[in-house]
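Read the structure below first, then the notes.
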Amino acid sequence: EIDSTREANRALGGELDQLRAGLQADQGRRASLEALQQAALGEHQDAAAEAWLEQRHLRQAQRLAQRLRVTPRWQRAVEVVLGHQLQAVCVSGLGDLGGQLDGLESAALALFEEGGPQTPASQDSLAAQVEAPEGAAALLHGVLTVEDLTDALARRAALAAGESLITPEGIWVGTNWLRLPGEGDAAAGVLAREQELEQLGARIDERSARVEALVERQQAGREAQRTQEQAREEQQRRLNDSNRQLGDLRASLSGKRTRAEHIRHRREHLRQEAEELRARMEDDREEMALARERLHSALERMETYASQRESLVHRRDGLREEVE
């Protein structure tokens, strides 16, 4: 049982080490991505903007990019269209901020009011590829999706006023203009990174929970091993006591066997003596019978002799009388 528990604890320790290594890697990856995301979302504002947000308890408010859920294929297109709007701080209302923006004229700060009217999006609209707070669809108003640049160029003549076309790669085409996304766009990868951060967060939470569960199982396993080792020590002590008792019993049994052997020999000797005595008694009995017979014969002869003697005495007495 101890070997089995020790092996289970060893396997559990290996699993825990791997899980912790994965968790540490995820945490490191998340820290790196968060630093990039903070820079991309402009969370490190100039001092005036940060102080302004802090005073209004908006320092920890989510940015618009953190509220969007975009179909992966169209993430780059949304980043191109929204651009710096992705950095906008989500607020409950802009009307309450009137007259409170003094001194922020030179600060790069964007605000997005949640809860605006929800504009229905057509199936070919970029807004149809986005799950966003109410009112966010207005930022994508008039932007239609196409499969490639050829399709976009072919359809641009049919665009209404304010409409434009965009490809999954982020090539944005209007009636008489075209914009390429470029590699140095600050918004590039913001949505994919935010999605990866969410996935990392969920995985970190799941792995952290598993680590806690495994740590509890490891502690329980170690406690079980300690309990088993204590039981083994107790059983070893009892075994040693039993071995000592067995040694004593064997010594006692050896003495008793020696005594029993001595008794057996003594009994055999007594049996032989008894046989000899019985034989002698039988001989004596026969001799006594013969002696009895001789005694009876002697007694009979004595009686005969006595009778003859008495007869002789009578005859003697008779003769004496006759002589007299």
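By convention here, the first residue in the shown sequence is residue 1.
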Step-by-step side chain to side chain contact (heavy atoms under 4.5 Å, CB included) determination, W172 to V81: CA-CA 8 Å; W172 198 3; V81 173; 4.0 Å; yes

Verdict with reasoning, Q75 to Q195, per side-chain hydrogen bond (donor to acceptor under 3.5 Å, both in side chains): CA-CA 10 Å; Q75 286 177 348; Q195 183 177 4; 2.6 Å; yes

Salt-bridge criterion met for E7 and R10 (N-O under 4.0 Å): yes

Spatial distance of atom OG1 (T145) from atom CG (L165) [nearest 0.5 Å]: 8.5 Å

Short side-chain to backbone donor-acceptor contact, Q123 and A128, under 3.5 Å: no

Any donor-acceptor N/O pair, E321 side chain to G318 backbone, under 3.5 Å: no

Side-chain (Q66) to main-chain (R63) donor-acceptor, under 3.5 angstrom: yes

Same apolar cluster (I L V M F W Y, side chains within < 4.5 Å links), M302/V313: no

Within-4.5 Å side-chain heavy-atom neighbours: L144 and E163: yes

ILVMFWY network linking V80 to V130, side-chain heavy atoms under 4.5 angstrom: yes

Pair R29 + E196: basic N to acidic O under 4.0 Å: yes

Positive for side-chain contact (heavy atoms from CB on, under 4.5 Å) with I171, one of V146, L149, L153: L149

Cluster overlap V70 with I166, hydrophobic side-chain contacts below 4.5 Å: yes

T71 side-chain N/O to R73 backbone N/O, donor-acceptor pair under 3.5 Å: no

E131 CD: over 12 foreign heavy atoms closer than 6.0 Å: no

Among R278, E286, R280, side-chain contact (heavy atoms from CB on, under 4.5 Å) partner for E282: E286

